[in-house]
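In each ligand, atom 1 is the first atom listed, and ligand 1 is the first ligand listed.
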Amino acid sequence: MIRLPKMDFPLEKLINLARAAKEMAYAPYSQLRVGAALLSAQGQAFKGCNIENASYGLTICAERVALFKAVSEGERDFAALAVIADTKNYCVPCGACLQVLAEFNPHLKVFMCNQHGDCQVQTVAELLPRAFTL
Ligand code: THU
């Protein structure tokens, strides 16, 4: 079993939390339900799901919901993120989410999962090598 670095937290558990978050997705327009689970360096997990809106551009992705929940609770130090959707393809975070994640940790490990729970892992910096910075 893979255990995430610096903490006693099984990857399988983080994926299961992302899967549980996906069940809460509000996606009546795209029908694509996405779940995310963001693990803090202290070993606390924050879940997020995508939340759509009739004004489509107001939709927010699962990854940003998880991150904003965590930051608004005082957490800023993150170790790993799991993202899952009911798709054959591995669920890669969009550019907007990567930019927001890069703000806090470009070295964050992102576990991108498919409908079977199989994952690929890359860091935020690998996925978005030239994130915007001031
Ligand atoms: N979505 C996410 O939740 N995360 C991503 O990284 C990409 C897309 C959501 C937004 C929208 O509700 C649906 O997937 C289709 O784009």
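Between Phe104 and Phe78, the ring planes lie perpendicular to each other; the angle is over 60°, past the 30° to 60° tilted range.
With respect to the salt-bridge test (charged N to carboxylate O, under 4.0 angstrom), the residues Glu75 and Lys69 do not qualify.
Using a 4.0 Å cut-off to heavy atoms of Thr59, the atoms of ligand 1 that qualify are 10 (C), 11 (C), 12 (O). Interface of Leu32 with ligand 1, defined as ligand atoms under 4.0 Å from a residue heavy atom, comprises 14 (O), 15 (C).
The nearest protein heavy atom to atom 1 (N) of ligand 1 is closer than 4.0 Å.
Results of the side-chain hydrogen bond (donor to acceptor under 3.5 Å, both in side chains) test with Asp86 over Gln115, Lys22, Arg19 single out Lys22 as the only residue that passes.
A donor-acceptor pair is defined here as one N or O able to donate and one able to accept, closer than 3.5 Å; such a pair exists between the side chain of Glu52 and the backbone of Ser30. Remark: side-chain polar atoms of Asn53 are not paired, donor with acceptor, to backbone N or O of Thr59 under 3.5 angstrom. Without hydrogens or angle criteria, Thr123 side chain to Glu126 main chain gives a donor-acceptor distance under 3.5 Å.
For the pair Pro93 and ligand 1, a heavy-atom separation below 4.0 Å is found.
Looking at Glu63, Glu52, Met112 and measuring to atom 12 (O) of ligand 1, the nearest heavy atom belongs to Glu52. The heavy atom nearest to atom 3 (O) of ligand 1, considering only Ala96, Ala66, Ala62, Ala36, is found in Ala62.
Residue contacts with ligand 1, taken as heavy atom pairs separated by less than 4.0 Å, involve Ser30 solely via side-chain atoms from C-beta onward.
Considering only non-hydrogen protein atoms, atom 7 (C) of ligand 1 sits nearest to Cys61 SG, 4.0 Å. With respect to atom 9 (C) of ligand 1, the closest heavy atom belonging to the protein is Asn50 ND2, 3.6 Å.
By the 3.5 Å distance cut-off applied to N or O atoms, Val34 is not counted among the residues near ligand 1.
When the side chains of ILVMFWY residues are joined at heavy-atom separations under 4.5 Å, either directly or via intervening members, Val121 and Leu108 end up in two distinct hydrophobic clusters.
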